[in-house]
Enquirer: 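Mind looking over this structure? Questions follow.
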Protein chains: 2
Amino acid sequence: MIDEKTARESVVRAADELFYARGVQAVGMDAVRTTAGVSLKRIYSLFASKDELIVAVLHHRTAVWDSGLASASERATTARERILAIFDFLDAWFREPDFRGCAFINAHGELGASSSAVTDAVREQKRTFQEYVARLVADAGAPPALAPQLAILAEGAQTTAAISGTPEAAQQARAAAETLLDVAVPAQPTELVGS
Amino acid sequence: MIDEKTARESVVRAADELFYARGVQAVGMDAVRTTAGVSLKRIYSLFASKDELIVAVLHHRTAVWDSGLASASERATTARERILAIFDFLDAWFREPDFRGCAFINAHGELGASSSAVTDAVREQKRTFQEYVARLVADAGAPPALAPQLAILAEGAQTTAAISGTPEAAQQARAAAETLLDVAVPAQPTELVGS
DNA sequence: TACAGTAGAGAACGAACGTTCTCCGCGCAA
DNA sequence: TTGCGCGGAGAACGTTCGTTCTCTACTGTA
């Protein structure tokens, strides 16, 4: 038998793929079992219920998102570039063939009304993202009010791309972000602190 | 017996409220029957299936959204004011106690993968909104590229407000829109054509 | 080899859902 | 009054789902 950590990862990964592709409620635990290759009995020994699995999947998505965002901004040297790298990251994501919008927004729309655990996980992820943007905005020497504006652009790009089925919203949002940055930031871009 | 049009309206209105509050899949046809006060037999004589009812609800939402947007921009005399009125309209909406995000985005996340009729209805609504914004942008004398940027701000404000549970995203998006308009539009605002 | 413990496969169970069907009562023509 | 067609209420049906249970095979130990 495979060890607990590996089994957990298989289940979460399989559930993540299926939930994202088809919607959470449209995926039965049987499908998770088949895709993960882990028996139902084992799944229910790892997760007390489907709800608990859903929350674990959201946490997994958060980790994937965070690391993707971090690696996308690696080559950027200024705060301004790091901010714009967010939209390049979105652009690459939107072009993936199985892109179907932000899993957190989807989960919130589908389950937010009936599961406060889902609401909490989604809210937490969005809060973390907003804090990330706020840090970059401060590093760029722009007023704090710019941060939520940029975050809103990123959110809007995700839903627009998801519904339209095309990726251009990323570039459009990026262009808007550049304009907002141009207006908000004093003439020469500030160097990143401590890196 | 009530006439067909009235029965249809009752069913659509009831389904709209329930679907929006709880999510589509979480609402059974029994609940629609109870809330609408129309028998199941009658409902199935008006709509061939739940899917068909869902599409009718989305069309109803589109009509409500369009008329709300129209009345919100009534007092505006310039194209710029009409654009900003979109965000004031969102602000008022976000403050409603049962606000739970954009029903189209929610429906798309929940059912888009399994129902192309839903995808079509959602896409149609967003396309109409983008054309509305594009018309206002043209009236304002701004370059066409501004329109999708403003639409993305509106979309992002909706999801941000829905997830955070607070209304301030409307004002933040409005401020960003003002900045973008300031940059894009030549000095003096243009008068609306024909009104 | 005999045995204990564990895990996998999937059958089983109870609930909920979309949809259909049955039964009953009512209004109306002859 | 008698028959008839229509609509309402909700029972019934078949399916699906989350969750649990049963049975069997296997592993490691004495």
Side-chain angles (χ1 to χ4, degrees), chain A residues 1-58 106-107 109-118, chain B residues 1-58 106-107 110-118 121:
Chain A
M1 166 196 120
I2 53 180
D3 67 292
E4 179 171 321
K5 195 179 161 191
T6 310
R8 239 188 112 88
E9 276 175 14
S10 296
V11 173
V12 169
R13 203 185 312 272
D16 184 34
E17 276 173 33
L18 293 168
F19 290 171
Y20 182 65
R22 305 189 209 161
V24 175
Q25 305 196 80
V27 174
M29 295 298 278
D30 259 29
V32 175
R33 178 216 359 219
T34 304
T35 306
V38 175
S39 74
L40 277 180
K41 192 176 175 181
R42 195 85 199 281
I43 292 176
Y44 276 96
S45 79
L46 296 166
F47 305 93
S49 64
K50 190 182 183 184
D51 280 342
E52 207 167 276
L53 173 59
I54 295 166
V55 172
V57 165
L58 291 177
N106 293 350
E110 188 174 352
L111 306 165
S114 57
S115 163
S116 61
V118 169
Chain B
M1 167 196 120
I2 53 180
D3 68 292
E4 179 170 322
K5 195 178 162 192
T6 309
R8 239 188 114 89
E9 277 176 13
S10 296
V11 172
V12 169
R13 203 185 312 271
D16 184 33
E17 276 173 33
L18 294 168
F19 291 171
Y20 182 65
R22 305 189 209 161
V24 175
Q25 305 196 80
V27 174
M29 294 298 277
D30 260 29
V32 175
R33 183 226 342 231
T34 304
T35 305
V38 175
S39 76
L40 276 180
K41 193 175 176 183
R42 194 86 198 280
I43 292 176
Y44 277 95
S45 80
L46 296 166
F47 305 94
S49 65
K50 190 182 183 183
D51 280 342
E52 205 168 279
L53 174 59
I54 295 166
V55 172
V57 165
L58 290 176
N106 292 350
E110 188 174 352
L111 305 166
S114 56
S115 163
S116 61
V118 168

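Numbers restart at 1 for each chain; the letters A, B, ... are given by sequence-line order, proteins then strands. Computed over heavy atoms, backbone and side chain alike; hydrogens, waters and symmetry mates excluded. In this text the structure is predicted, and so the values were computed from the model without any measurement.
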Enquirer: For A/S115 and A/G112, indicate whether the former's side chain and the latter's backbone hold a donor-acceptor pair under 3.5 Å.
Expert: no
Enquirer: Produce a footprint string for nucleotides 11-26 of chain D: one letter per nucleotide, 5' end first; B if the base is under 4.0 Å from any protein heavy atom, S if only the sugar-phosphate is, - if neither.
Expert: -------SBB------
Enquirer: Return the minimal non-hydrogen interatomic distance between A/V32 and A/A14, and the atom names on each side.
Expert: O-CB, 4.3 Å
Enquirer: Strictly distance-based, threshold 3.5 Å: is any side-chain N or O of A/S10 a donor or acceptor partner for the main-chain N or O of A/T6?
Expert: yes
Enquirer: Taking the side chain as every heavy atom from C-beta outward, state whether B/R33 and B/V38 have any pair of such atoms under 4.5 Å apart.
Expert: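 B/R33 does not reach B/V38 side chain to side chain.
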Enquirer: Looking at every non-hydrogen atom in both residues, tell me the closest pair between B/V11 and B/A36 and how far apart they are.
Expert: CA-CB, 3.8 Å
Enquirer: For A/E110 and A/Q25, indicate whether the former's side chain and the latter's backbone hold a donor-acceptor pair under 3.5 Å.
Expert: yes
Enquirer: Determine yes or no for a side-chain-to-main-chain donor-acceptor pair under 3.5 angstrom, with A/K50 supplying the side chain and A/V24 the backbone.
Expert: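 Checked: pair present.
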Enquirer: For the helix from C/dT1-D/dA30 to C/dA30-D/dT1, what angle separates the axis at the start from the axis at the finish, each from five pairs, in steps of 10°?
Expert: 30°
